[in-house]
2 protein chains.
Amino acid sequence: MEQTYMKKADLANVLKLLGDQTRLSVMSYLEEDECCVCEFVELLNMSQPAISQHLRKLRDAKLVKEKRKGNWIFYEINKGHEAYYVVHEILKQIPDSKKELDELSNNNLRIICD
Amino acid sequence: MEQTYMKKADLANVLKLLGDQTRLSVMSYLEEDECCVCEFVELLNMSQPAISQHLRKLRDAKLVKEKRKGNWIFYEINKGHEAYYVVHEILKQIPDSKKELDELSNNNLRIICD
DNA sequence: CCTCTATATAAGTAATTGCTTATATAGTAA
DNA sequence: TTACTATATAAGCAATTACTTATATAGAGG
């Protein structure tokens, strides 16, 4: 992972997006694995429109990418983003996202479609 | 510099504070050197109360510390903050803060008191 | 003491945010 | 086609934000 340089305004915009617990959580889960909207609704115990609106902000900033898989739309981290180095450093601070995704699996609430 | 772990809510709060261009700039200057309020007013071309209000937020979050030196109150980064590791990683993305402080020196606008 | 200077605080305000509820859309599958 | 499902969008609203102007405060120095 390499050192990058960013314009202050662009960096501030990324940090503002991550400076919300819901979006920070979303990014933290996506750093572990791609997820679809209904999984976030479960994980974060929030309404579907609220989740969709947060995802739109992350998508508009190109921090995440979406792809359809059958009925579901999956989101994944955009590792090509100029801020990805620092986003990754930030997400490293959050310890338990993998565990929470695993719990979702154990409750058979994960969407698997391959 | 060591890896740390933080609660999501605490990390989000720090990121929200840094997700503002003015405060991100302030932190970036402080990463280079301690500064007093009037220097930020010059560097950022903003009103003194606006700067003071941003500094209060950073101070309330303990991201910066203050100390009086004669007539002036100097701010410095709190390197003991639990988020300092990640704050440092974030500030590394911003290239030109040292240069801007040097320009302030060249225009004899820096406050020196020892 | 009084005055000056740097900084902090208070009050007010326009813009932004993050939700809500209701509705639209885009694929899937019969 | 029609019905169904997952997701997106729209409209509305209360809370928060980042300024503004005016004023208060605290320490320095006569």
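In the text below, chain A, chain B and the rest are named by the order of the sequence lines, each starting its count at 1. Note that the coordinates shown come from a computational prediction; the quantities given were computed from them, not determined experimentally.
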Please check the phosphate of C:dG18 (OP1 and OP2 only) for any side-chain N or O of A:Lys57 closer than 4.0 Å.
->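 It does, given that an N or O in the side chain of A:Lys57 lies less than 4.0 Å from OP1 or OP2 of C:dG18.
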Determine: side-chain N/O of B:Ser47 to OP1/OP2 of D:dA18, distance under 4.0 Å, yes or no.
->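 No, no such contact exists.
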State which residues pass side-chain hydrogen bond (donor to acceptor under 3.5 Å, both in side chains) with A:Asp33; sequence neighbours excluded, sorted by chain then number.
->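 Counting only residues at least two positions away or on another chain, A:Asp33 forms a side-chain hydrogen bond (donor to acceptor under 3.5 Å, both in side chains) with A:Arg110.
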Tell me the interatomic distance from [X], atom [atom1], to [N], atom [atom2], rounded to whole angstroms.
X	N	atom1	atom2	value
B:Leu24	D:dA18	CG	C1'	16 Å
B:Asp20	C:dT16	CG	C1'	13 Å
A:Asp60	C:dG18	CG	P	13 Å
A:Lys16	C:dA15	NZ	P	15 Å
B:Leu17	D:dT16	CG	P	15 Å
B:Met46	D:dT21	CE	P	12 Å
A:Glu42	D:dA6	CD	C1'	14 Å
A:Gln53	D:dC13	CD	P	16 Å

Do A:Lys67's NZ or CZ and the ring of A:Phe74 fall within the cation-pi criteria of under 6.0 Å and 45°?
->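 Geometry flag: not set, cation outside 6.0 Å or 45°.
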Exam field: side chain A:Asp20 to backbone A:Arg23, donor-acceptor pair closer than 3.5 Å =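 Judged by distance alone, yes, a pair lies under 3.5 Å.
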For nucleotides 6-8 of chain C, print each protein N/O atom paired with a nucleotide N/O atom at under 3.5 Å, atom names and distance only.
residue : atom : partner : partner atom : Å
C:dT7   : OP1  : B:Val37 : N            : 3.4
C:dT7   : OP1  : B:Ile73 : N            : 3.4
C:dT7   : OP2  : B:Cys38 : N            : 3.0
C:dA8   : OP1  : B:Tyr75 : OH           : 2.4
C:dA8   : OP2  : B:Ser52 : OG           : 2.6
C:dA8   : N7   : B:Gln48 : NE2          : 2.7
C:dA8   : N6   : B:Gln48 : OE1          : 3.3

Please say whether more than 12 non-hydrogen atoms of neighbouring residues, nucleotides or ligands are located less than 6.0 Å from CG in B:Asn107.
->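 It does: B:Asn107 CG has more than 12 such atoms within range.
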Which donor-acceptor pairs under 3.5 Å do side chains of residues 7-17 of chain A form with protein atoms, sequence neighbours excluded?
residue : atom : partner : partner atom : Å
A:Lys8  : NZ   : B:Ser25 : OG           : 3.4
A:Asn13 : ND2  : A:Ala9  : O            : 3.4

Kindly indicate, with the supporting measurements, whether the criterion side-chain contact (heavy atoms from CB on, under 4.5 Å) is fulfilled by A:Gln93 and B:Tyr85.
-> CA-CA 9 Å; A:Gln93 311 299 308; B:Tyr85 168 83; 3.4 Å; yes
What's the closest nucleotide to the B:His54 side chain, out of D:dT20, C:dT20, D:dA18?
->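 Selected nucleotide (nearest to the side chain): D:dA18.
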Between the side chains of A:Glu39 and A:Tyr29, does any donor sit under 3.5 Å from an acceptor?
->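 No, because no side-chain N or O of A:Glu39 sits under 3.5 Å from a partner of the opposite role on A:Tyr29.
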